[in-house]
Protein chains: 2
Amino acid sequence: MPGIDEVARVAGVSTATVSRALSGAGHVSPTTRERVRRAARDLGYVVSSSASGLATGRTRNVGVVIPFLNRWFFSSVLEGAESTLLTHGYDLTLYNLQGGGAERQTVFEHFLLRKRVDAVIAVSLELTSSEVSRLLAMKKPIVGVGGPLPGVRTLSVDDVAVSRLATEHLISLGHRRIAHIGGDDDHNHDFHVPTNRRVGYEAALSSAGLTPDPKLHVAGDFTMPGGYASAKQLLADADNRPTAIFATSDEMAFGAILAARDLGLRVPRDLSVIGVDDHELSEFFGLTTVAQYPDLQGRLAAEILIEELNPTPAPLPDINTPLQFDLVVRSSTAPPA
Amino acid sequence: MPGIDEVARVAGVSTATVSRALSGAGHVSPTTRERVRRAARDLGYVVSSSASGLATGRTRNVGVVIPFLNRWFFSSVLEGAESTLLTHGYDLTLYNLQGGGAERQTVFEHFLLRKRVDAVIAVSLELTSSEVSRLLAMKKPIVGVGGPLPGVRTLSVDDVAVSRLATEHLISLGHRRIAHIGGDDDHNHDFHVPTNRRVGYEAALSSAGLTPDPKLHVAGDFTMPGGYASAKQLLADADNRPTAIFATSDEMAFGAILAARDLGLRVPRDLSVIGVDDHELSEFFGLTTVAQYPDLQGRLAAEILIEELNPTPAPLPDINTPLQFDLVVRSSTAPPA
DNA sequence: CTGAAAGCGCTAACAT
DNA sequence: ATGTTAGCGCTTTCAG
């Protein structure tokens, strides 16, 4: 494992020149640069990130704090962030943390703050203001994905608008009895997504002169089996059955579609179903949905941080950047029979 | 951001003592240790991992190279590895790389080797022997998950035995026309999982005196839509329809179940389906499957590395550790009608 | 049990 | 354009 001085010796220059030639900072003559490059390559030299990090104070490493790895939304965000960071020469250090707990504390104290990362992406995680301020005090840029964070640049869809859009689609098709599979409280601390989605749903109903019926709202857990169970419950009473279901995630919507089938109902003839996400399987299920783009969210988060880390950052987007979402109509919604 | 010397000053000791007190290495009197601890806490001191890494040559960071993030198997491995590493005080740096390509080269040259990680977990990725030997030359332990790697400790299920078990289950139920949805060549470079699974399937058939029928084998892509399409194809010819399908992944098996339903076939009365994985949704689908335990695989990989990184490592498992797998019978398999 | 001091390998002024 | 040199903040002999 050769060090920089060995490269310097072989190239016949000083270590400073090697550093400059290899990092691209500072002026080095093309010939020298080439000589250094070759020496480095021949020796199989790679810089020590610890040494370089110690000298510069920058680690070229971004921490990502994320509550789930095995859910489509989250793994998509992660994938987007990872590939962007990688192409910009940054590493990604992963912290898979749910809710609070001692583990979370540990991560903050002993990892994130350890000068291990230059910046943090917090996905659907509400940092306490003390966590945020410590990070900010260390000049570590943070960007949140999935909801507003106090004093932190965040990327999020307008959940109220998303569910209003979904609900209005059903209303415009002529539906009047529209059920909603929301999220349970377990998921609510993450930026109140379930609450906001419910608000949008009820607002859309009210605007259309419909009164939200509490019986048509059930809490789900964002999973397919959860959506299945919720839908079964909503569809149990054959007389008062809704003609449409708006599920707050595509996976729950898939469950609802399967539940309808098992009850002998045809989608969309007997029941319309709409979700939120545009999950990779939504096309397969023919699910109408409101697309959000988690991979782009991850990419964008990474790009913002990279820019902020730049010595001369370009102007950055608003502190609360609203994200795009689109209605994607497929075959799970239609006018009621 | 206080440094170690500030802690030393406040605690009234030398920096060496602070280091010893905080790291637990070397002898420090209980009183002193307590004083140092308090000083550190009061100042909000955390060690700089760059400085510590530079001084010790260890980063307490493990790299994980993994081809997919959004597939259940892989995210489960990752989750298992992450939580084990975290509880042992290691960070996890994520490299999401498929196949070969320049990106992969980059990661090896500029990241993994940058003294950034102490060890590497390679998930379902065939490292070239030059990659392996470079890593080994730098004394970086590697463990592979998902298949044998030349000269590297690996954890993997015996894919031949797995699919033999699955196929034998169907045979023992009385099935004779058993189809197989395998993997396509795109997935074959990862340790030949598809090939091995096919071998096991055919071996089981042969042992039972059945001749594998090439028409009953189709290549899949490990996804649910892929399994759906493959099953549709297998079931198209009503006269020569198989009575059972063995899919090489649970997600494809789910697709097969849905395809059967769409064709008006009842599972398991008209068609038995078995998969491999024990995916989190397998219970929901009532899928009989051969369980493997990716989260445990991730945990185990992490534990092995942590042990190997230990200055006085305990004896380690075999270079090729076979992993557990179990037949899990649910309601998707039954004797043929 | 504790302190002094020599690095770990690199970068960034500052010179030239 | 390149070299000299002083750290970056910690760990670890080596003394005591």
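Remember, it's a predicted structure, so these values are computed and weren't measured experimentally. Just so it is clear, the values below take in all heavy atoms, side chains as well, and ignore hydrogens, waters and symmetry mates.
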All side chain to side chain contact (heavy atoms under 4.5 Å, CB included) counterparts of B/L54, not counting sequence neighbours: A/S50, A/A51, A/L54
Spacing of B/L54 atom CG relative to D/dT12 atom C1', expressed in whole Å: 13 Å
Pairwise salt bridge (Lys or Arg N to Asp or Glu O under 4.0 Å) hits with a residue in residues 146-155 of chain A, at least two apart: A/R153-A/E308
Partner set under salt bridge (charged side-chain N to carboxylate O under 4.0 Å, His left out) for B/R41, not counting sequence neighbours: none
Terminal helix-axis angle for the helix from C/dC1-D/dG16 to C/dT16-D/dA1, with five pairs defining each axis and rounding to 10 degrees: 30°
Side chain to side chain donor-acceptor pair (under 3.5 Å) partners of residues 6-27 of chain B, not counting sequence neighbours, each pair once: B/S14-B/T17
By side chain to side chain donor-acceptor pair (under 3.5 Å) - contacts of B/S156 (at least two apart): none
Test item: side-chain donor near acceptor, B/S83 and B/R299, under 3.5 Å: yes
Partner residues of A/V47 under the side chain to side chain contact (heavy atoms under 4.5 Å, CB included) criterion, sequence neighbours left out: A/Y45, B/R114
Pairing residues for B/D5 by the side chain to side chain donor-acceptor pair (under 3.5 Å) criterion, not counting sequence neighbours: none
Gap between atoms CZ and C1', on A/R58 and D/dG9 respectively (whole Å): 18 Å
Euclidean distance, atom NZ of residue A/K115 to atom P of D/dC8 [Å, nearest integer]: 11 Å
Side chain to side chain contact (heavy atoms under 4.5 Å, CB included) against A/E79, all qualifying residues, sequence neighbours excluded: B/L69, B/N70, B/N96
Enumerate all atom pairs, one protein N or O and one N or O from nucleotides 1-4 of chain D, separated by less than 3.5 Å.
residue, atom, partner, partner atom, Å
D/dA1, OP2, A/H27, ND1, 2.6
D/dT2, OP1, A/S29, OG, 3.2
D/dT2, OP1, A/T32, OG1, 2.4
D/dT2, OP2, A/S29, N, 2.6
D/dT2, OP2, A/S29, OG, 3.4
D/dT2, OP2, A/T32, OG1, 3.3
D/dG3, OP2, A/S14, N, 2.7
D/dG3, OP2, A/S14, OG, 3.2
D/dG3, OP2, A/T17, OG1, 2.8
D/dG3, N7, A/R20, NH2, 2.7
D/dG3, O6, A/R20, NH1, 3.2

Any residue meeting side chain to side chain contact (heavy atoms under 4.5 Å, CB included) with A/A39, in chain and number order, not counting sequence neighbours: A/V7, A/V10, A/A11
Start and end of the DNA chain C segment that chain A contacts, any atom under 4.0 Å from a heavy atom: C/dG9 to C/dA13
Phosphate OP1/OP2 of D/dG9 contacted by B/S48 side-chain N/O (<4.0 Å): no
